[in-house]
Amino acid sequence: MSTKPIIISASPHVHSDRTSKKLMYDVVIALIPAFLVSLYVFGIGALIVTAVAVISCILFEYLIQKYLLKATVTINDGSALLTGILLAFNLPSNLPIWMIIVGSLVAIGVAKMSFGGLGFNIFNPALVGRVFLLISFPVQMTMWPTALENQTKIADAVTGATPLGIIKEGLQFGETMTDLSYKIPTNLDMFLGFTGGSLGEMSIIALLIGGLYLIYKKVITWHIPVTMLFTMAVITGIFWMINPEQYANPLIHLLSGGAILGAFFMATDLVTSPMTKKGMVIFAFSIGLITVVIRLFGAYPEGVSFAIIIMNAFVPLINKYFKPRRFGSKIKSKII
Amino acid sequence: MTKNIDQKQNFLKGIIKENPVFIMLLGMCPTLGVTSSAFNGLGMGVATLFVLLMSNIVVSLIKTQIPSKVRIPAFIIIIASFVTIVEMVLEAFIPFLYEQLGIFIPLIVVNCLILGRAESFASKNNLWSSIVDALGMGIGFIIALTVLGATREILGSGSIFEMKFVSEDANTFILFILPPGAFIALAYLSVLFNKISIKTFS
Amino acid sequence: MRKKESTFINMVLSLMVITIVAGFSLGFVNDLTKGPKAKAKLERKISALKLVLPEFDNNPVAEKKLIKSDKVKDSIEIYTALLNNEFVGSAVVGSSNKGFSGLIKIMVGFNPDGQIQNIAVLEQKETPGLGTKMKDEKFLKQFRGKDPSSFNLKVTKDGGEVDAITGSTITSRAFGEATQLAYDEFIKNK
Amino acid sequence: MEYIIIIIAAIFVNNIVLAQFLGICPFLGVSSKVSTSVGMSGAVLFVMTIATIASYLLHQYILIPLGLDYLRTITFILVIAALVQMVEIILKKVSPPLYKALGVFLPLITTNCAVLGVAILAIGLEDGSLLKAVIFAIANSIGFALAIIVFASIREQLELANIPEGMKGVPINLLVAGLLSLAFLGFTGLV
Amino acid sequence: MLKTFPKGGIHPPENKITASKPIKRLDPPKVVYVPISQHIGIPSKIIVERKEKVTIGQIIAKSGGYVSSNIHSPVAGTVTKLDKIFDSSGYKKQCIVIRTDLKDQSNFELIDSPLKTDIQLSKKDILQHITDYGIVGLGGATFPSHVKLNIKKDKHIDCLIINGVECEPYLTADHRLMLEKAEEILVGIEILMFALHIDKAIIGIENNKKNAIANFKELTKNNDKIQVAALKIKYPQGSEKQLVRALLKREVPKNGLPLDVGVIVHNVGTIFAIYEAVQYNKPLTERVVTVTGKTIKDPSNFWVKIGTPVIDLINEVGGLPEDTRKILNGGPMMGKAIKNTDVPVAKGTSGILVISKEEAERKKCTNCIRCNECVFVCPMGLEPYLLMNLTEKKMYETALNEDITTCIECGSCSYVCPSHRPLLDYIRFGKSIIKTLEIAKDKK
Amino acid sequence: MTVSIIYSVLLLTSLGIIAAIILYVVSKKFYVYEDPLITEVEEILPAANCAGCGSPGCRSFAEKLVSTEDISDLFCPVGGNDVMESIANLLGKEVTKKDPTVAVLLCQGSCDMRPKTTQFQGPDSCAISALVFSGETDCQYGCLGKGDCVDACLFDAMYMDKDTGLPVIITDKCTSCGACVEACPKNIIEMRPKNKRDLKIYVGCMNEDKGGIAKRACAVACIGCSKCFDICPKDAITMENNLAYIDAQLCTLCRKCVDVCPTHSIVETNFPPRKKKPISTITKGKKIDSPSKEKYIDKKVKAIVEPLKSNNDA
Ligand SMILES: Cc1cc2nc3c(=O)[nH]c(=O)nc-3n(C[C@H](O)[C@H](O)[C@H](O)COP(=O)(O)O)c2cc1C
Ligand SMILES: Cc1cc2nc3c(=O)[nH]c(=O)nc-3n(C[C@H](O)[C@H](O)[C@H](O)COP(=O)(O)O)c2cc1C
Ligand SMILES: Cc1cc2nc3c(=O)[nH]c(=O)nc-3n(C[C@H](O)[C@H](O)[C@H](O)COP(=O)(O)O)c2cc1C
Ligand SMILES: Cc1cc2nc3c(=O)[nH]c(=O)nc-3n(C[C@H](O)[C@H](O)[C@H](O)CO)c2cc1C
Ligand code: SF4
Ligand code: SF4
Ligand code: SF4
Ligand code: SF4
Ligand code: FES
């Protein structure tokens with residue numbers, strides 16, 4: 001026998017080789033295509049914003065764990081990295097650096113570490129950071145360098161609104177969808193990512209590739225993204241059919257405003273989404289619904305971020321009332 | 001039955017150990033509702049202090065004359081009278097503050113702080129102690145509101161007592177003058193308050 | 001020191017005494033403050049008018065005109081200002097609910113020839129620090145002395161002449177719209 | 001339509017707790033369990049509705065005709081205090097189980113500024129009818145219920161979390177309320 | 001479509017390295033340590049004394065109550081001590097220590113008897129034999145079989161399920177038994193069907209034992225009372241509640257028994273033991289044990305005398321490897337880590353598994369990331385992460401309401417948790433606390 | 001006096017009277033009696049809500065105290081005799097005086113006395129590891145060293161000594177609430193009388209194994225040799241299951257047994273050091289005389305002195 005004493009522990013004595021760290025890094029991998037596209041479209045700005053967000057998120061996590069909480073430092077579990085990336089993906093690529101740092105502080109310090117760190121937060125840290133910035137600095141947060149014309153040079157980026165922003169403003173002042181359709185990028189451009197917007201939200205194709213990779217790796221299930229996008233498509237579809245001049249068509253809604261990024265990467269955040277499939281469907285349905293309500297009737301042209309953090313708040317309630325069916329309980333209901 | 005009370009202790013407790021806002025969580029609505037600027041916080045604090053002081057005085061004076069069963073309604077009437085007086089005086093003489101504080105002036109009536117002090121302190125203690133208690137609590141409340149208001153104003157508008165110290169176009173954390181900012185600022189202020197009070201008084 | 005027993009008589013009596021005293025004092029304070037209160041209220045109205053109108057010596061509030069309009073829910077208020085019984089301008093309340101957070105209500109003062117004397121913001125719910133910049137001198141000053149018949153009240157983005165507040169095009173547009181409305185009513189009811 | 005706007009505004013846009021800061025004490029105080037917060041919401045719904053009706057009538061038919069509207073605050077609070085007491089008694093007698101569920105919360109409601117606040121706001125509504133006031137009160141109490149129940153469920157979950165020492169208790173609750181209120185800002189401009 | 005239970009389950013690497021190794025018979029050990037509590041329930045009462053000579057199959061400890069069982073001497077020899085020895089529970093338990101008489105021929109007789117198909121005993125006698133010869137469930141729970149088979153009048157049983165699933169990785173004892181003793185097992189089934197007046201039996205076998213399935217199918221071709229069902233390879237297919245659900249679509253109610261849905265479940269080993277007890281009056285003194293592990297030289301299946309110290313078995317397969325860090329009594333999912341190699345084989349020991357190096361180490365536990373894996377794999381529809389947290393925060397009442405007591409301790413949750421949380425450790429602890437609390441309540 | 005004042009007086013008065021009438025009716029019709037004594041008793045109690053008294057909290061203990069006739073069986077361990085006396089005075093009832101007790105640890109199996117033969121991996125909890133096995137050493141009766149008792153103590157009266165792997169009880173802080181006794185899955189914490197100057201003599205071992213086995217597992221185990229039993233002049237010692245137990249009620253603290261114990265499993269606390277016999281003579285005549293043993297004895301003495309010292313500072 002070896003010199004080390006024999007180990008006693010309770011069963012089970014084997015373990016699958018999945019670890020939470022691997023899950024996180026899988027998401028990072030899935031985000032690479034979208035990052036590459038934004039690098040192509042926005043140039044070095046995308047790199048700067050992402051790097052600043054990532055570094056400051058990790059640094060804040062380190063400082064807080066080490067000096068405020070005096071706990072073990074777990075910055076290499078990948079979650080702060082991911083929060084940084086996703087925060088960056090929700091910011092315009094020309095945001096002043098100090099604002100990015102403030103956003104990271106809010107994301108990590110307020111939304112995550114105040115609750116005890118990984119796994120205990122109620123709200124999606126990256127989105128809290130983003131919403132905080134959006135509300136505090138609406139001007140900078142809603143001015144996007146427009147795509148294409150200024151690849152690779154950030155110095156004098158032309159700013160413009162996102163397709164949804166153009167539509168919202170236009171409709172409010174009496175323009176019709178037909179007028180507006182000339183002002184917004186074509187569906188194909190939006191699909192490929194040649195449009196204005198936050199740096200990680202524009203390239204639908206790249207995000208879809210990443211999303212499918214996550215589903216393939218079983219990091220996420222299809223329930224949340226599919227339900228959410230389907231709900232959005234149906235509701236915007238109904239309005240569009242009622243009055244195509246007043247309401248944008250569902251495709252525009254799905255292709256713009258971070259719907260895909262939200263559906264695959266933010267609403268699916270394990271920590272802040274429900275624990276059962278049934279719960280996930282309800283969660284995602286509500287996100288879809290609230291997103292559409294905000295986009296069509298609210299003040300903000302873009303509703304995904306808010307919809308997700310609103311529903312984050314409801315997750316404990318959903319978990320409380322949508323439990324997995326207990327084996328052997330009398331009432332037989334189908335399990336989703 | 002009135003115990004001998006160390007008045008200094010009695011006064012200080014309202015500011016530190018039993019701070020109505022940070023420790024006891026009394027009167028949270030005005031605390032959060034009106035503190036979008038330091039001046040509003042101060043105004044609300046003073047108005048509350050006045051009502052608190054006056055009602056503590058009256059309650060402490062007439063405490064033996066009130067049967068316990070109608071204690072609460074009697075106190076409420078007393079408090080409500082002073083609140084109404086404050087309301088009318090503000091409306092007449094400081095109209096802009098009256099407008100700023102809005103619905104939170106009549107709501108001083110239901111500020112748990114005031115009824116709570118009347119109930120648990122003034123109705124049991126003599127006049128002088130009650131006055132000191134009211135002053136301590138009221139000043140604790142004023143400090144809390146002003147600090148909260150100042151914090152929010154500094155962060156949210158880049159000014160303090162309406163004095164702007166950043167340029168007109170500078171970016172400030174607008175969030176802090178909006179409702180969520182009130183909660184968040186108070187959350188971290190109370191962490192700070194606890195830390196400081198533990199450090200200095202233990 | 002004994003507490004009073006909770007007998008019926010005691011309870012009613014003590015409450016009665018308290019309410020009587022309260023009633024008296026409140027009524028008294030009310031009487032005291034009635035005058036100042038009303039004055040303060042009027043003061044607020046007048047001060048807005050003073051801001052937007054040239055000097056006047058009548059009481060425009062008493063000569064308020066209410067005009068029904070299908071453009072807004074309430075009726076439009078017009079206050080006429082006279083100096084030495086001579087028409088020196090009128091203040092028109094215009095509104096638009098296309099503001100970022102809904103209703104924006106402003107009071108626009110016009111010279112007899114239709115030039116904008118000044119504008120005061122009466123009611124608004126815009127984002128503090130952003131939409132609220134419409135109250136700032138920087139924004140308001142571009143309207144003074146302009147005649148809407150020649151000055152296009154639309155923002156530059158829409159081909160007009162108003163420089164929008166940074167990041168608050170929506171507010172600026174609504175502001176322009178409200179001003180336009182006030183002007184239209186002013187012309188109609190001159 | 002007008003009523004729907006009132007309802008949506010009261011529940012989401014101007015949520016009584018998260019945006020208007022009324023009724024914070026019970027919101028923070030009796031929200032440690034979902035079940036108690038449901039009880040509290042029930043009690044608030046009940047009292048807020050009757051209190052609004054009573055104070056509306058009092059205002060409309062006594063204070064205004066007599067020119068006594070400066071007595072608004074004092075009379076309303078008296079009416080509310082008396083009502084709460086009465087409700088308590090009636091419940092005790094009529095439905096002991098309901099009393100058991102709501103009873104403990106009733107005294108708390110007297111010092112809940114949401115009730116008085118809504119009563120005062122209700123008489124200030126534009127061309128308000130009694131019906132409008134009642135709908136306003138109900139919508140606000142639903143808004144209260146929504147906020148407090150969601151908040152309580154979050155607190156239940158946080159009970160199992162390892163909140164840092166300094167954040168435990170008041171600060172974390174305020175922070176959650178703040179983030180909740182931040183989330184609800186998304187509804188801005190719906191009405 | 002293979003049958004399976006609807007929700008949850010995992011598929012750990014099977015590692016059935018001994019699947020093709022025929023069962024070998026071991027020489028009797030020099031000393032056997034026979035524990036007196038090898039079954040669930042009351043420990044048996046010792047009826048032999050020190051220095052007493054005992055023969056093979058002699059009762060040495062008598063059933064100590066209703067839920068208890070007789071224990072027979074596995075060897076002929078002399079009782080040397082009545083001592084306390086560490087058993088697989090990790091505690092020292094009373095044992096009867098017998099030195100094998102190396103001269104006594106009966107110790108070396110080949111005990112394999114020819115197949116005997118005709119059932120001569122009456123129903124009552126069959127049950128009496130099962131009681132007398134100390135048969136307990138060999139599927140793991142070691143519940144005394146006579147208690148299980150003593151069905152109250154008001155219960156109606158219509159199906160016997162034979163559990164040949166063996167879903168634990170590594171273990172192949174049941175698999176080999178089914179291959180080598182198929183006919184005996186079928187007779188055993190007939191015996192039980194006869195004794196219980198049932199005319200339906202299903203043998204459930206996981207689909208990774210295709211040869212056993214084929215073998216049984218062949219043998220039961222003409223027997224329409226006994227069905228053979230292949231089951232999807234999924235752990236814990238062998239757990240009786242899941243098995244009943246998979247085979248019959250009947251769901252055993254919460255905190256209920258298969259009995260409540262008219263089913264009796266028995267392990268193939270138990271059936272074989274019943275066969276031998278009824279047909280040959282043979283007490284349960286030996287069983288099949290798989291001795292295995294990745295580092296073991298010659299992993300094998302053995303017929304082992306109850307009471308044999310584990311070290312004897314390990315020596316038989318090439319000795320204890322250098323880097324051994326953990327020795328398990330049972331499989332990797334449900335087995336117990338034993339304290340030393342003197343622990344004796346008991347009636348419930350289906351395998352000895354030797355684990356080495358890092359594989360034995362538990363990984364560091366990190367925060368729960370609420371990934372819902374554990375919820376997803378729990379075959380009982382529980383929320384393991386929640387149960388663990390509730391137990392950790394001592395909220396037992398709530399845990400009880402969340403059905404903590406229905407956990408079958410399959411360990412699927414701990415297996416999948418990407419944060420390596422000791423879910424089952426806490427759940428088990430919570431269950432034990434709730435049990436003591438309830439006992440305390442009952443007393444009041 | 002204006003009309004407005006009259007109206008206001010009238011309105012308020014009538015409202016007030018209506019309120020008074022309603023409240024009067026309430027107070028008459030729905031009168032619920034609650035003994036004011038309960039609150040008074042509750043105020044005397046220490047409000048630790050530790051449940052050491054057997055009631056779920058101080059308030060319910062107060063209710064129990066007020067409602068039961070004979071309160072001599074009820075005792076608040078945290079408050080102690082003083083509190084019980086003042087409550088009895090208030091209620092006019094009798095209390096029995098209880099000797100103050102304190103928790104002691106019946107195990108001395110520190111790391112160097114009791115070698116570890118296995119290693120436990122799992123949650124850091126005695127109760128959980130006790131579900132899996134009897135402990136990392138070969139003694140299945142001794143302390144598991146994961147500190148459940150320390151966690152259970154509400155009064156910071158315990159800490160884990162890292163060197164010995166055993167919990168230490170700070171006697172001056174111990175309120176004898178019994179929480180640790182309850183928490184220990186091995187039942188090796190006992191409540192013993194505190195006596196004057198906290199003098200105690202007890203057998204610090206729970207091992208019921210036969211001498212040889214016990215000795216092999218742990219150098220300071222009670223081997224059941226009965227020497228102490230034989231020497232005790234007061235018959236305070238009983239032998240059962242190879243284990244000696246000293247009845248504190250009968251023990252006169254004469255210390256005779258301490259010297260005769262061959263394995264030093266009898267613990268004496270706070271006695272003045274014996275002048276005649278230095279430590280080395282105690283170990284004389286014993287087979288094992290390893291340096292680690294010496295070290296251990298030093299440590300033991302320190303461990304007992306230290307808490308008292310630290311307490312004086314506080
Ligand atoms: C939190 C927030 C508050 C805003 N508040 C206002 C506002 O009060 N007024 C306004 O016109 N726009 C406001 N906006 C900006 C509009 O959404 C829109 O981006 C802007 O009016 C058009 O951009 P531009 O003015 O730069 O052309 C706000 C945006 C955010 C995110
Ligand atoms: C306290 C207790 C009572 C039981 N009673 C019966 C019984 O009356 N009839 C029966 O068929 N099985 C009975 N069982 C055995 C169970 O059906 C089952 O075989 C045993 O719990 C082991 O199952 P497992 O290995 O799936 O855990 C009982 C088990 C326990 C623990
Ligand atoms: C998770 C789990 C897995 C099990 N796996 C098996 C198995 O593979 N084979 C088996 O015979 N019994 C298994 N059992 C035990 C059965 O539930 C049941 O106790 C047994 O089949 C009853 O038969 P017996 O009384 O003959 O032992 C398992 C139990 C549990 C809880
Ligand atoms: C599928 C998946 C999605 C994630 N999405 C987010 C996210 O939107 N925002 C974020 O801050 N962290 C995200 N994370 C990282 C991590 O869960 C997050 O930092 C925790 O919420 C922090 O407790 C995600 C992780 C995974 C595995
Ligand atoms: S061990 Fe219990 S909780 Fe975990 S998966 Fe199995 S049945 Fe579910
Ligand atoms: S599997 Fe582990 S990390 Fe995932 S929810 Fe369960 S306990 Fe948490
Ligand atoms: S040491 Fe034990 S008895 Fe003493 S106070 Fe602590 S827990 Fe209570
Ligand atoms: S005394 Fe008991 S509870 Fe304390 S550490 Fe030892 S075994 Fe654990
Ligand atoms: S101050 Fe508003 S409820 Fe207490």
Side-chain angles (χ1 to χ4, degrees), chain B residues 21-35 72-88 91 102-116 119 175-176 178-195 198, chain D residues 14-29 70-82 84-85 107-121 124 164-185 188:
Chain B
V21 173
F22 294 123
I23 310 291
M24 316 258 285
L25 289 186
L26 294 174
M28 291 314 269
C29 301
T31 302
L32 295 165
V34 303
T35 50
I72 304 275
F75 292 172
I76 288 180
I77 296 174
I78 295 167
I79 297 169
S81 308
F82 286 113
V83 170
T84 311
I85 291 173
V86 169
E87 203 179 349
M88 293 188 288
E91 190 179 355
I103 187 166
F104 289 102
I105 300 173
L107 291 187
I108 295 176
V109 178
V110 278
N111 188 329
C112 334
L113 171 62
I114 295 171
L115 192 62
E119 249 293 83
L175 183 87
F176 282 99
L178 296 178
F183 286 111
I184 295 174
L186 186 57
Y188 288 102
L189 276 181
S190 65
V191 176
L192 214 64
F193 186 87
N194 281 338
K195 277 247 164 73
I198 285 172
Chain D
N14 298 323
N15 185 287
I16 182 163
V17 181
L18 299 174
Q20 310 226 52
F21 298 115
L22 297 178
I24 306 280
C25 299
F27 176 74
L28 293 174
Y70 62 91
L71 287 182
R72 188 186 60 179
T73 310
I74 190 166
T75 50
F76 282 14
I77 190 67
L78 257 180
V79 165
I80 290 170
V84 171
Q85 286 271 20
L108 281 171
I109 291 179
T110 319
T111 50
N112 175 350
C113 54
V115 175
L116 181 61
V118 167
I120 294 177
L121 289 177
E165 222 22 79
M167 290 298 295
K168 268 189 194 145
V170 180
I172 195 73
N173 289 342
L174 285 171
L175 183 58
V176 170
L179 295 181
L180 209 52
S181 156
L182 180 67
F184 270 56
L185 274 191
T188 312

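Quick note on labels: first sequence line is chain A, next is B, and so on, each numbered from 1. Worth saying up front: this structure is predicted, and the values here are computed from it rather than measured.
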In terms of heavy-atom contacts, B:Gly27 and D:Cys25 come closest through N-SG, 4.1 Å
D:Ile24 and B:Cys29 have their tightest heavy-atom pair at N-SG, 3.2 Å
Assert top hit (heavy-atom pairs under 4.5 Å, partner chain B, pool D:Val176, D:Val115, D:Leu175) equals D:Leu175
So CD1 of B:Ile77 and CG of D:Leu78: to nearest 0.5 Å the spacing works out to 4.5 Å
So, the part of D:Leu182 with a heavy atom under 4.5 Å from chain B: the answer is both
When the 4.5 angstrom heavy-atom criterion is applied to B:Glu91 and chain D, the contacting part is neither
| Can you find a pair of side-chain heavy atoms, one from D:Ile74 and one from B:Ser81, that are under 4.5 Å apart? | yes
B:Phe183 side chain reached by D:Asn173 side chain, heavy atoms, under 4.5 Å | no
Scanning both residues in full, the closest heavy-atom pair of D:Leu22 with B:Leu107 reads CD2-CD1, 3.1 Å
Applying a strict 4.5 Å limit to non-hydrogen atoms, the region of B:Leu178 in contact with chain D is side chain
The interface call for B:Ile105 against chain D, heavy-atom contacts under 4.5 Å, is neither
Between D:Gln20 and B:Phe104 the two heavy atoms that sit nearest each other are O-CZ, 3.4 Å
Looking only at D:Val17, D:Thr75, D:Leu71, D:Val170, the option with the highest number of non-hydrogen pairs under 4.5 Å against chain B is D:Val170
Taken to the nearest 0.5 Å, the spacing of B:Asn194 CG from D:Lys168 NZ works out to 13.0 Å
Separation between CZ (D:Phe27) and CG (B:Leu32), nearest 0.5 Å, reads 10.5 Å
Bottom line for D:Leu116: the part with an atom under 4.5 Å from chain B's heavy atoms is both
Between D:Leu174 and B:Ile184, is any pair of side-chain heavy atoms under 4.5 Å apart? no
Interatomic distance, CD@B:Glu87 vs OG1@D:Thr73, rounded to 0.5 Å, equals 4.0 Å
For B:Ser190 and D:Pro171, the nearest pair of non-hydrogen atoms, with its separation, is OG-CG, 3.6 Å
Minimal heavy-atom distance between B:Gly33 and D:Phe21, with the atoms involved, is CA-CD1, 3.4 Å
